[in-house]
Q: 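Shown below is the structure under consideration.
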2 protein chains.
Amino acid sequence: MNAAAERPVILTGDRTTGPLHLGHYVGSLKNRVRLQDTHRQFLLLADMQALTDHAHDPDRVCRNVVEVALDYLAVGIDPEKTIICVQSGLPALAELTMLYLNFVTVARLERNPTIKEEIRARGFGRDIPAGFLCYPVAQAADITAFKATVVPVGEDQAPLIEQTNEIVRRVNRQIGRDVLVEAEAVIPRVGRLPGIDGKAKMSKSQGNAILLSSSPDEIRQAVQRMYTDPNHLRASDPGTVEGNVVFTYLDAFDEDEAAVAELKARYRRGGLGDMEVKRRLEAVLQDLLAPIRERRAAYARDPAYVLDVLRQGTGRARAVTEATLQEVRAGLGLFRLDRPVLQAS
Amino acid sequence: MNAAAERPVILTGDRTTGPLHLGHYVGSLKNRVRLQDTHRQFLLLADMQALTDHAHDPDRVCRNVVEVALDYLAVGIDPEKTIICVQSGLPALAELTMLYLNFVTVARLERNPTIKEEIRARGFGRDIPAGFLCYPVAQAADITAFKATVVPVGEDQAPLIEQTNEIVRRVNRQIGRDVLVEAEAVIPRVGRLPGIDGKAKMSKSQGNAILLSSSPDEIRQAVQRMYTDPNHLRASDPGTVEGNVVFTYLDAFDEDEAAVAELKARYRRGGLGDMEVKRRLEAVLQDLLAPIRERRAAYARDPAYVLDVLRQGTGRARAVTEATLQEVRAGLGLFRLDRPVLQAS
């Protein structure tokens with residue numbers, strides 16, 4: 001336990017708006033399974049953050065707490081090594097957010113490029129929920145509460161870590177010493193996996209995702225529908241590999257790099273049909289997802305265990321986040337109901 | 001206790017940025033002492049709200065938690081009848097605020113006339129702390145957490161209650177039943193007491209206030225400096241009563257209305273000097289403040305008692321606010337770590 005405490009602390013997690021898919025697997029889950037052996041890793045099921053743009057569908061947010069937890073366990077996140085916790089079970093995060101909101105200006109939040117882009121993408125227009133504008137501050141509370149120094153983020157999210165570190169510096173300056181620690185954004189080497197339709201973002205709601213819980217049939221159908229080279233009409237035609245989703249996925253999932261290189265060469269020359277490439281990809285994906293799906297189903301049959309994992313993880317996370325909150329409160333000099341001596345006028 | 005629970009619930013309180021003065025006495029404290037016999041009254045020492053524009057002086061905010069509590073006890077707030085509680089000791093308020101922020105748009109907060117005016121008055125310009133913009137939401141959390149139906153506010157603050165009730169309706173609509181209750185703004189009949197310099201706002205920082213803890217000398221000097229009729233140079237001159245602070249204070253504090261009416265008539269006719277009116281006002285204020293100052297000093301000598309009042313009051317308030325939070329969480333359908341059965345896919 002002491003050795004674990006000296007490891008670098010990593011905070012990561014997912015908004016609980018839907019079950020996870022292959023994009024999450026490549027972009028983060030695989031990495032997390034590896035990092036749990038070298039880091040003190042906290043995985044946050046971010047249901048409170050999910051509410052900032054799903055306030056009108058809290059059922060979905062709640063339901064997916066368990067779905068995402070099942071995905072974690074299914075890919076090999078080990079609750080003995082990684083602390084899996086539920087954000088809404090950590091009240092210290094709300095209290096830290098309220099304190100930090102006083103150290104950030106509205107103008108600064110509105111300038112945040114990630115927020116600007118997300119506001120545009122969600123079509124909020126002028127009707128941005130206040131919670132959404134403030135979510136980078138809530139995220140700063142998450143990161144700092146765990147004293148995380150390593151935060152894996154997508155490349156478009158680096159400004160969120162910058163915002164966190166600004167808050168860290170301001171709060172530390174007010175306190176007069178370094179109670180909070182700055183975090184480093186780690187951007188994964190693997191780029192974002194496109195959807196099966198070739199669109200940049202894989203997303204369940206766009207219907208272009210392969211979920212980790214997909215059935216063999218769903219996997220087969222998804223691969224069949226996969227975007228390839230629209231000009232590659234006959235097997236004998238030369239085809240293009242770049243932007244061809246089937247090859248992008250082979251690059252991401254097929255461990256036999258030499259075989260993939262060979263296929264690419266044949267495809268470019270002409271003489272290799274889409275069906276043959278898709279058959280190979282399907283086999284790779286079925287092999288990858290079969291054990292994940294099986295483990296997922298097994299955990300789903302044992303809800304008491306899953307709930308226990310979340311309870312225990314959240315309990316451990318509560319101790320860590322409460323300790324940070326108390327340090328910040330004491331550092332700022334908030335009123336202490338438990339103080340032994342009262343200095344009155 | 002059951003009878004008390006059926007009384008209308010009133011939430012009121014003060015930002016802990018300085019000790020209270022005569023303006024508070026006339027505008028709210030006197031009323032609160034009366035209301036504690038007919039209402040279930042919660043008095044909130046709003047240190048978290050004070051931080052929204054005093055984040056760089058948390059010491060002041062902390063120190064004044066006790067100062068304001070002493071003022072409450074000194075004027076006759078009875079902790080057996082009124083629950084005195086410290087805002088930062090009630091984490092449910094932060095959690096409710098985080099939830100409510102998702103039900104209010106940024107544009108709506110920016111349109112709030114009270115906020116607009118306060119932003120102007122504080123000279124924030126573009127550098128509004130996010131916490132300040134969001135404080136009406138935090139205030140909605142305060143009011144609804146206690147299920148207060150009566151909220152005394154200054155006339156310029158009625159829009160804050162409107163904002164609260166909007167949140168109440170939105171959250172209830174999302175939940176599908178009336179978990180939260182709407183509150184009514186009660187605007188006190190007595191207008192705002194001017195400062196001794198005749199300015200509309202009495203405020204310690206402007207040096208135009210008479211604190212409840214003022215010494216006899218400070219009271220005497222304040223009355224001497226008091227703004228009267230600048231054209232009333234000799235006792236024999238006719239004088240003006242309107243806008244003459246000495247008479248405004250006599251109206252507010254002298255219980256012998258007939259005598260005050262008689263003095264006004266003499267002042268208007270000519271033949272009554274400022275000194276004589278001031279002597280009368282000073283006597284009235286010394287009589288009013290002497291027992292308050294004495295009780296205040298006695299409580300200040302017993303800090304353990306004061307701390308105990310705050311601990312007990314905050315404990316009782318915690319139970320009430322936590323209960324409301326749990327109702328809102330359950331109503332919205334947030335994930336429950338304590339749920340007995342887990343429904344997994």
Side-chain angles (χ1 to χ4, degrees), chain A residues 16 19 45 47-48 51-52 55-56 58-59 61-62 65-67 70 86 88-89 91-92 94-95 97-99 101-107 109 126-134 137-138 174 213 299-301 303-304 306-307 310-311 314 329 332-335 337 339 341-345, chain B residues 16 19 45 47-48 51-52 55-56 58-59 61-62 65-67 70 86 88-89 91-92 94-95 97-99 101-109 126-134 137-138 174 213 299-300 303-304 306-307 310-311 314 329 332-335 337 339 341-345:
Chain A
T16 59
L45 293 158
D47 57 346
M48 289 294 282
L51 285 175
T52 64
H56 298 285
D59 281 350
V61 170
C62 175
V65 169
V66 176
E67 295 300 326
L70 287 173
V86 184
S88 65
E95 291 188 76
T97 304
M98 293 300 290
L99 290 171
L101 280 171
N102 302 319
F103 291 92
V104 191
T105 67
V106 176
L109 289 175
R126 287 296 295 154
D127 292 333
I128 313 154
F132 192 82
L133 183 72
C134 296
V137 182
Q174 179 60 43
S213 50
Y299 285 119
R301 282 190 299 272
V306 178
L307 187 56
L310 298 183
R311 262 197 213 119
T314 306
R329 288 178 62 117
L332 290 175
L334 261 62
F335 188 76
L337 283 164
R339 63 179 174 173
V341 179
L342 182 80
Q343 280 160 3
S345 64
Chain B
T16 59
L45 293 158
D47 56 345
M48 290 295 281
L51 286 175
T52 63
H56 297 285
D59 280 351
V61 170
C62 175
V65 169
V66 176
E67 296 299 325
L70 288 173
V86 183
S88 65
E95 290 188 76
T97 303
M98 293 300 289
L99 291 171
L101 280 171
N102 302 320
F103 291 92
V104 191
T105 67
V106 176
R108 176 65 182 88
L109 289 175
R126 287 296 294 156
D127 291 334
I128 313 154
F132 192 81
L133 183 72
C134 297
V137 182
Q174 180 59 45
S213 50
Y299 286 119
V306 178
L307 187 56
L310 297 182
R311 262 197 215 118
T314 306
R329 287 177 62 117
L332 290 174
L334 261 63
F335 187 76
L337 283 165
R339 62 180 174 174
V341 179
L342 183 81
Q343 281 160 0
S345 64

Q: Tell me, please, which residues at least two apart from A:Pro129 pass side-chain contact (heavy atoms from CB on, under 4.5 Å).
A: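 With neighbours one apart ignored, the set is A:Phe124, A:Phe132.
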Q: B:Leu109 versus chain A, heavy atoms under 4.5 Å apart: side chain, backbone, both or neither?
A: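 Only the side chain of B:Leu109 comes within 4.5 Å of chain A.
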Q: Find the one option among A:Gly89, A:Ser213, A:Ala94 whose heavy-atom pairs under 4.5 Å with chain B are most numerous.
A: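 Result: the option with the highest number of such pairs is A:Ala94.
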Q: Can you tell which part of A:Leu133 gets under 4.5 Å to a heavy atom of chain B, answering side chain, backbone, both or neither?
A: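 Side chain only.
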Q: I'd like to know which of B:Ala92, B:Cys134, B:Pro58 tops the heavy-atom pair count under 4.5 Å against chain A.
A: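 Of the candidates given, the most pairs with chain A belong to B:Pro58.
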Q: Once you round to the nearest 0.5 Å, how far does NE2 of B:His56 lie from CZ of A:Phe103?
A: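 That separation rounds to 6.0 Å.
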Q: So for B:Thr314, is it side chain, backbone, both, or neither that comes closer than 4.5 Å to the heavy atoms of chain A?
A: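 Contact with chain A: side chain only.
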Q: Looking at every non-hydrogen atom in both residues, tell me the closest pair between B:Arg311 and A:Leu337 and how far apart they are.
A: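 Result for this residue pair: NE-O, 2.8 Å.
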Q: Using non-hydrogen atoms and a 4.5 Å limit, figure out which bit of B:Arg108 sits close to chain A: side chain, backbone, both or neither.
A: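 B:Arg108 has no heavy atom closer than 4.5 Å to chain A.
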Q: Can you name the nearest heavy-atom pair linking A:Asn102 to B:Ala55, along with the distance?
A: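 What the structure gives for the nearest pair is CB-CB, 3.7 Å.
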Q: Can you tell which of B:Asp47, B:Asp59, B:Leu334 has the highest number of heavy-atom pairs within less than 4.5 Å of chain A?
A: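 Sorted descending by pairs with chain A, the first entry is B:Leu334.
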Q: Apply side-chain contact (heavy atoms from CB on, under 4.5 Å) to the pair B:Met98 and A:Leu51, showing each step before the final yes or no.
A: CA-CA 10 Å; B:Met98 293 300 289; A:Leu51 285 175; over 6 Å; no
Q: Would you mind checking which part of B:Val86 comes under 4.5 Å of any heavy atom in chain A, side chain (CB onward), backbone (N, CA, C, O), both or neither?
A: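 Side chain only.
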Q: How far apart are the closest heavy atoms of B:Gly333 and A:Cys62, and which atoms are they?
A: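 Of all heavy-atom pairs spanning B:Gly333 and A:Cys62, the closest is O-CB, 3.1 Å.
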Q: Which atoms of A:Gln174 are under 4.5 Å from chain B, going by heavy atoms: the side chain, the backbone, both sets, or neither?
A: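 A:Gln174 touches chain B through side-chain heavy atoms alone.
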Q: Using non-hydrogen atoms and a 4.5 Å limit, figure out which bit of B:Thr52 sits close to chain A: side chain, backbone, both or neither.
A: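 Both backbone and side chain.
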Q: According to side-chain contact (heavy atoms from CB on, under 4.5 Å), who are the partners of B:Asp127, at least two apart in sequence or on a separate chain?
A: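 Here the qualifying residues are A:Thr105.
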Q: Looking at A:Thr97, A:Leu45, A:Val61, which has the largest count of heavy-atom pairs under 4.5 Å with chain B?
A: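 Between A:Thr97, A:Leu45, A:Val61, the count favours A:Thr97.
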Q: What are the two closest heavy atoms between B:Pro91 and A:Glu95, and how far apart are they?
A: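 It is CB-OE2, 3.2 Å.
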